[in-house]
Amino acid sequence: MADTGASALPPTPPPHSAVARAERFVWLTARVLERRLFAHHFRGATADPVETALDAYRNEDGGYGHALEPDLRDPVSRPPHTARALRVLDAVGRCAGQRVERMCRYLTSVSTADGALPAVRPSRRDDDPAAPFVKVEDDPPSALLATGPVVGLLHRNEVWHAWLFRATDFCWQAVESLEEPHPDEIEAAVAFLDSAPDRPRAQAAADRLGRLVRAHRLAALEPDALDGYPVGPGHAPGEHRFPHDYARTPRSLARAWFTDDEMARSLDHLAAQQQEDGGWPVRGRHWSPTATMEARPVATIEALRTLRSHGRPVG
């Protein structure tokens, strides 16, 4: 006999809108955390269940692990997991208090000699479950890719901790010295600059980066002619960056890098990427079916939020 109890899936929403199609996808595939996030962002649910779901990934050292970042499968705390946890808290307006204080203590404990974060800590063993393209070094350097988004989130939420002083100085130096940047570095730089306290300095740095992005063709301005745009080193074939990847909201400093027509084409392309199952694809190299499946609801929620922030109707 079919199970008709309370554990059954909710009724399938009408499949006419992007959100309704995505909701069906989330219910069928997502982890509890992404289910709670979707309900908060698109169905008016409170932030409390999101925080409760996020707690499952927290470790005693104040950091986060347990495959919160799907490409890192081991349980121990890693900077990428903790950065994702901060993004979740920021997205639901809970990036404050003792939880964030503990996270800052963890960030302090894993920082390099210059006070910033490495991309991956060297304690990961060869047999730890992680994507094969995750680079591990015995003495990893500080990385803008790891540090910029975290520093930006903490500044945006007016979190003040001793760790931020040197980490902020590192981000300024790293951003202002970029000459041949990787697209991922540009995204990390924008995440920092959009919330950096020194707004005139941030504006000047963003203007310079925008010129670099256009000079090096790091944003695909014509989605129907992608052969004319390079893919960043280490990226999978076809893993381009588009204007909406840099300017996720119209308030971003990166929005000024692109004309209205260029942004409209970018958003059209993003909307068209919704697949038949209702979810958005994961761009990049695929190494584990589980990691890919867990990452797709994350990509789906981010796509919908980006579209909505730019005024696109999603349902």
Side-chain angles (χ1 to χ4, degrees), residues 18 22 69-71 80 84 87 119 131-135 143-146 148-149 175 178-194 206-250 252-277 279-288 291-293 295-310 312 314:
E69 178 62 49
D71 278 338
R84 183 172 290 278
R87 289 198 296 274
F133 47 80
V134 174
K135 185 178 181 181
L144 176 62
L145 185 63
V175 168
L178 286 175
E179 293 298 338
E180 295 185 3
H182 190 283
D184 293 344
E185 290 181 309
I186 295 291
E187 287 190 51
V190 170
F192 167 68
L193 294 173
D194 276 347
D207 290 346
R208 190 183 74 87
L209 288 184
R211 291 191 292 271
L212 286 175
V213 165
R214 298 190 77 93
H216 291 274
R217 300 179 68 79
L218 298 183
L221 304 179
E222 300 175 25
D224 294 332
L226 294 178
D227 290 344
Y229 298 92
V231 173
H235 279 178
E239 190 182 353
H240 295 87
R241 289 294 183 270
F242 300 90
H244 67 261
D245 290 311
Y246 301 119
R248 294 187 179 275
T249 77
S252 173
L253 291 173
R255 176 61 183 86
W257 301 350
F258 310 107
T259 68
D260 290 347
D261 286 344
E262 289 167 348
M263 184 58 70
R265 288 195 296 270
S266 180
L267 295 169
D268 287 344
H269 178 73
L270 176 61
Q273 293 303 297
Q274 187 173 25
Q275 299 186 330
E276 289 187 7
D277 61 8
W280 267 259
V282 175
R283 292 179 295 171
R285 290 170 287 185
H286 298 263
W287 69 281
S288 162
T292 299
M293 182 56 71
R296 284 194 65 205
V298 177
T300 296
I301 292 170
E302 290 179 352
L304 288 170
R305 293 186 70 207
T306 297
L307 290 167
R308 187 172 65 180
S309 75
H310 283 279
R312 292 298 182 98
V314 295

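Fair warning: this is a prediction, and the values are worked out from it, not measured in the lab. We number each residue from 1, following the sequence as shown.
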query = P297: what forms a side-chain contact (heavy atoms from CB on, under 4.5 Å) with it, not counting sequence neighbours?
reply = F25, T29, A30, E34

request  = Could you tell me which residues satisfy side-chain contact (heavy atoms from CB on, under 4.5 Å) with D184, sequence neighbours excluded, listed by chain and number?
outcome  = L145, H182, E187, H235, R241

Could you tell me whether the side chain of [X] and the main chain of [Y] form a donor-acceptor pair under 3.5 Å?
X	Y	result
R217	A220	no
H310	A247	yes
W280	A22	no
R296	G279	yes
H244	L270	no
T292	V282	no

task = Could you pull out all residues at least two apart from S252 that satisfy side chain to side chain donor-acceptor pair (under 3.5 Å)?
result = D194

Look up atom [atom1] in [X] and atom [atom2] in [Y], then write down how far apart they are to the nearest 0.5 Å.
X	Y	atom1	atom2	value
L267	R312	CG	CZ	4.5 Å
I301	T306	CD1	OG1	11.5 Å
H269	E222	NE2	CD	13.0 Å
E239	L226	CD	CG	12.5 Å

Compare all side-chain heavy atoms of [X] with those of [Y] and state whether any distance is below 4.5 angstrom.
X	Y	result
Q273	T300	no
V175	R208	no
L178	L144	yes
P281	Q275	yes
L212	L218	no
L221	R214	yes
P223	S266	no
Y246	V213	yes

task = Would you name the heavy atoms of H240 and Y229 that are closest together and state the gap between them?
result = NE2-O, 3.1 Å

message = Assess the residue pair V298 and R87 against the criterion (side chain to side chain contact (heavy atoms under 4.5 Å, CB included)); give the C-alpha distance rounded to whole Å, side-chain angles, the decisive distance to 0.1 Å, and a yes or no.
response = CA-CA 11 Å; V298 177; R87 289 198 296 274; over 6 Å; no

ask   = Which is it for F242 and R265 under the side chain to side chain contact (heavy atoms under 4.5 Å, CB included) test, yes or no, and what are the steps along the way?
value = CA-CA 9 Å; F242 300 90; R265 288 195 296 270; over 6 Å; no

